[in-house]
Each structure stands twice: as structure tokens, then as C-alpha cells.
Amino acid sequence: MTSKMRSLYLEGYDYTIFDLTKLDRVQIQIYGNSVEGRILHGNTPCELIERFTETIGRLPELPEWIISGAVVGMQGGTNSVRRIWEELRTYDVPVSAFWLQDWVGQRETMIGSQLWWNWEVDEQRYWGWKELIKDLSAQNIKVMTYCNPCLAPVEEKDNKKRNLFEEAKQLDILVKDGNGNPYMVPNTAFDVAMLDLTHPKTETWFKQILLEMVDDGVRGWMADFGEGLPVDAVLYSGEDPISAHNRYPELWAKINREIVEEWKSSKSLKNSNKDRDDGLVFFLRAGFKDSPKWGMLFWEGDQMVSWQANDGIKSSVVGLLSSGISGYAFNHSDIGGYCTVNLPIVKYRRSQELLLRWMELNSFTTVFRTHEGNKPSCNSQFYSNNQTLSHFARTAKIYTAWKFYRIQLVKEAARKGLPVCRHLFLHYPDDEHVHKLSYQQFLVGSEFLVVPVLDKGKKKVKAYFPLGETSGWIHIWTGNVFSKQGSESWIEAPIGYPCVFVKVGSIIGETFLNNLKNFGIL
């Protein structure tokens with residue numbers, strides 16, 4: 001999409017290079033025998049996004065529970081969860097779910113604590129699993145887990161009930177190498193096999209595994225990976241692995257979505273009125289053009305636990321805004337980032353300041369979810385001390401205070417494909433200064449302007465008020481009004497007071513401010 005409202009997209013799965021580095025053209029190189037695409041017509045960026053998502057498909061409305069409060073990402077087993085849950089109650093944190101990625105058990109590898117990729121609960125680590133789910137559910141808190149389309153050999157795991165790698169190997173549903181053996185893909189510290197999603201038997205087998213997890217009471221999961229099909233793999237379908245590499249994440253999304261829809265149908269047949277807001281949710285990091293048709297929610301993969309523009313907190317804003325233009329209307333990042341490095345010569349460890357600022361940033365995205373990172377002991381965590389817990393409670397309440405608007409935006413996204421978090425270009429396309437903005441600021445819907453602190457040690461940010469906006473902007477903490485279009489101002493933003501503005505006269509803005517007062521934050 002260009003600033004002159006020209007827009008096109010390509011059909012098909014060929015390997016393609018988009019070169020956006022030249023000032024006078026966008027160059028697209030396609031490695032294939034033919035090219036097929038569509039030119040879209042629209043007068044505004046929002047119209048173009050509507051036209052695009054009308055054709056490729058749109059994300060469905062999210063169940064309300066996932067956007068109601070904090071999704072607490074933690075690990076450690078049943079005892080740890082119960083202890084942290086108690087602590088969060090003490091601090092009055094609004095919690096929607098516990099996301100327990102280590103439900104399958106954990107092993108120590110050279111890169112840190114990693115999971116056993118064998119998708120069943122580890123009953124040593126999570127003793128009383130169903131009981132834990134039931135107790136949380138009684139307080140309207142869901143349990144979420146983790147899976148991906150790969151399987152690891154688990155001979156060394158003592159308490160396994162099933163060996164899914166061996167089962168899949170016997171069924172012949174794994175991606176193969178040139179010699180007809182399961183293609184063992186190196187993944188950080190261990191090798192894994194990938195499910196062949198083009199094989200007709202894969203779907204039924206894998207769905208059954210995930211449905212057992214759902215039958216235990218799990219209501220959501222991270223559907224990780226999907227982007228790594230080797231380009232020399234051999235598939236059951238016989239298709240070219242290079243274009244199959246691009247199709248694979250869509251197939252991965254589709255299999256997960258079908259589980260959600262089939263479970264929903266079977267539930268409505270039983271006509272259960274309890275747990276009305278009990279819908280399932282999965283979230284993806286890999287995708288291609290049609291992913292919004294099959295996905296439900298996205299997250300941005302593994303940022304470094306750093307302030308960097310290329311792969312740290314700043315890049316999480318870039319990804320959030322650019323994906324929103326491509327129909328990925330619901331996206332978010334791990335609070336605090338993920339990739340931790342603790343080598344003698346290179347160290348990336350999550351500081352407390354970075355964690356607190358990332359909480360502030362993500363309190364204005366679709367989902368507010370924490371992650372301990374790949375080396376939890378090297379990172380500041382929400383549960384580290386009184387300050388991190390208090391700040392977590394505060395930002396979770398800020399997030400909850402605009403839930404009413406988030407619900408509206410989620411409905412609009414399902415109807416029109418417009419993202420929750422928006423680059424200013426979507427609403428102010430004629431403002432040349434807006435074209436230069438990257439991660440510095442963004443809109444939530446059309447009513448909030450967010451200018452996050454994304455630099456270490458900074459207590460002030462520079463806010464830009466776009467041309468073409470007839471309303472002034474109210475700073476939520478001071479009530480100061482900024483009415484001059486096309487102007488910049490330095491705004492105080494100490495920790496705990498993220499720089500956010502609402503439009504003057506906006507009922508949505510007024511409701512948000514009232515809710516902050518009711519929470520005792522304003």
C-alpha cells in the first residue's frame with residue numbers, strides 16, 4: 001500500500017522478494033513461471049484494508065475472557081501457580097488466564113529451560129492438573145497451554161504416557177528428507193520432526209491430541225512455530241517444498257481453527273448454557289497471506305529482552321503496526337520480550353525498567369500477556385518484588401479500564417478487518433510527518449493516541465499531534481489539552497504514567513478516564 005492509495009497483493013505461494021528500499025518504486029521479484037495478483041481500489045488506507053480483508057478473510061471476534069484482564073505467563077508447576085495466584089490476589093491484579101507453557105514438562109538445555117515437545121500434561125510437574133484448572137475456573141480464570149507442529153523424541157523422559165514422535169513415525173505422517181526418513185530439523189539444542197500437514201491422516205490424529213487437552217478444561221494455547229518447513233523437504237502431497245514453506249503456516253492455523261470450531265459445534269449441540277464465555281483461543285506467530293482467514297490471534301514471536309529497534313521493544317511496535325495493515329487485526333508481543341543471552345561475552349538480560357515499560361506499552365494492545373523468557377532466572381519478572389507486582393497490577397487495571405472500547409474494536413475488526421492498534425497513516429494519510437513515524441507513537445482505534453517510552457532512562461517523550469484532526473487531545477494524567485494540528489510537545493512520562501491522550505469530547509475517552517478513576521489510578 002502506498003501513500004498515493006495504490007495497493008496490490010499477490011496470489012499464490014511462490015518465493016517472492018519485496019524491495020521497499022528504493023525511493024521511486026516498489027520492486028517485486030517472483031520466483032515462479034507466472035504471476036497472479038489483485039489491484040485494490042480505495043480512497044483511504046482504511047478502505048484499502050477493508051477491501052483486502054474482504055477477499056483474504058478476517059479474524060473472528062475473540063472470546064471476551066482473553067481481552068478482559070492479564071494473561072499470566074509463568075512456569076514451575078502446580079505449587080508455583082498456586083503461590084503466584086495467591087500473590088496476584090493480594091495485589092488485586094485483574095487476571096483472565098494463566099498461560100502455562102511448561103505443562104508438558106521441562107528439560108535443561110544449553111540455551112536454557114526448554115519444553116518436552118510431546119503434547120500431554122506432565123503429571124509430576126502439574127500434579128492435580130484437572131483440579132488446578134477447576135479451581136481457577138471457579139474464579140473465572142482460564143488455563144492456557146502450548147503446542148507446535150513438531151515432535152521431539154522423548155525416550156529420555158521418564159513419566160511419559162505416550163510417545164507422540166514414535167506414533168507419528170508409525171503412522172507415516174512426518175515430513176520426510178530425500179532418503180524417505182523423518183526429516184530431523186535442528187531446533188536450538190535438540191532435533192525435531194515436523195508433522196506433514198498435507199497428509200490426510202495428520203489432521204484427525206493431531207486434533208484428537210489437542211481435544212484431550214481441551215477436555216481437561218484448557219481454553220487456549222500458543223500454537224507456536226509453523227514458519228520453518230525446510231526447503232528441501234519431501235511432502236505427502238508431492239508439492240514443491242519452497243512454495244509449501246509459505247503455505248505451511250496457513251495449514252497450521254487451519255488445523256487449530258478447525259479444532260476451535262468443531263469444539264464449539266459439539267458444545268452447542270449439548271446446549272450447555274454454563275460458561276457462555278467459554279470459547280477457545282489459540283495464538284500464532286507464523287503466517288502468510290490467508291492467515292487472518294484461519295487464525296484468531298497473533299503474537300510477534302521472540303523479541304530480545306532489549307531496547308533495540310531491530311529486535312527489541314521498539315521492533316515490537318513496528319511489527320504490531322505493519323501486521324495490522326496486512327489484516328492481522330489482533331496482535332501483541334510478550335511483555336518484557338523473550339530472547340535472553342547470558343554468555344561470558346554477550347549478555348542480554350531483562351532489566352526491571354524494560355519490563356515495567358513493556359507492561360505500559362502492552363496495556364494498550366489487544367492482549368496483555370507476560371512471558372518469563374528462555375532464561376527466567378536472568379530476567380526481571382512481574383513477581384520479582386513489590387515494585388514489579390504493584391506496577392503489574394496498575395498496568396493490568398489500565399488495560400482493563402478500556403475493555404469496553406476493546407470489545408467494540410474487536411467487533412469492528414471482525415466486520416471490517418481494521419486493526420486494534422493503528423499506524424497514524426490509517427487515519428491521517430495526508431500528513432507528510434506521519435509517513436516518517438515508525439515505532440514512536442500509535443493509535444488505539446481512532447480515539448487514543450499512545451506515545452510509549454521505548455528508551456532506557458527516559459522520563460519524557462515527544463508527542464506529535466497530526467494534521468487533519470479537528471478535535472484536541474487530552475493528556476490523561478494532567479488533563480492538559482493539545483489543540484494545535486501538526487505540532488510536537490515534550491511530555492513527562494515517569495514510570496507508571498505512560499503518555500496517552502484521548503480526543504476532546506470523545507465519549508469513549510471520558511468513559512476510559514472514569515474507569516481509571518474507579519480503579520483509583522487517576
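Both backbone and side-chain heavy atoms feed into the values below; hydrogens, waters and symmetry mates do not. If you read the sequence from its start, that first residue is 1, and numbering goes on from there.
- Aromatic ring pairs are classed by plane angle as parallel below 30°, tilted from 30° to 60° and perpendicular above 60°; the pair Tyr15 and Tyr31 is tilted.
- Residue Tyr348 places its OH atom among 12 or fewer non-hydrogen atoms of other residues, nucleotides or ligands, all under 6.0 Å distant.
- Residue Arg38 places its CZ atom among 12 or fewer non-hydrogen atoms of other residues, nucleotides or ligands, all under 6.0 Å distant.
- Taking CH2 of Trp85 as the reference point, atom OG of Ser80 lies at 14.5 Å (rounded to 0.5 Å).
- Between the side chains of Thr16 and Gln29, no donor-acceptor pair of N or O atoms lies under 3.5 Å.
- More than 12 heavy atoms of other shown residues, nucleotides or ligands fall within 6.0 angstrom of atom CG in Asp19.
- The number of heavy-atom neighbours closer than 6.0 Å to CG of Asn310, taken from other residues, nucleotides and ligands shown, is 12 or below.
- The pair Glu123-Lys130 does not meet the salt-bridge criterion, since no charged nitrogen lies less than 4.0 angstrom from a carboxylate oxygen.
- With respect to Glu86 and Arg82, no salt bridge is recorded, no charged nitrogen being found less than 4.0 Å from a carboxylate O.
- Environment of CD in Glu155: crowded, with over 12 heavy atoms of neighbouring residues, nucleotides or ligands closer than 6.0 Å.
- Around NZ of Lys403, the count of heavy atoms belonging to other residues, nucleotides or ligands within 6.0 Å exceeds 12.
- In this model, no donor atom of one side chain and acceptor atom of the other lie less than 3.5 Å apart for Ser243 and Asn246.
- Counted by atom type alone, Gln139 and Arg89 present zero donor-acceptor pairs between their side chains at under 3.5 Å.
- Here Glu261 pairs with Arg257 in a salt bridge; the nearest charged N to carboxylate O distance falls below 4.0 Å.
- Under 4.0 Å is where a charged nitrogen must lie from a carboxylate oxygen, and between Lys289 and Glu11 at least one such pair does.
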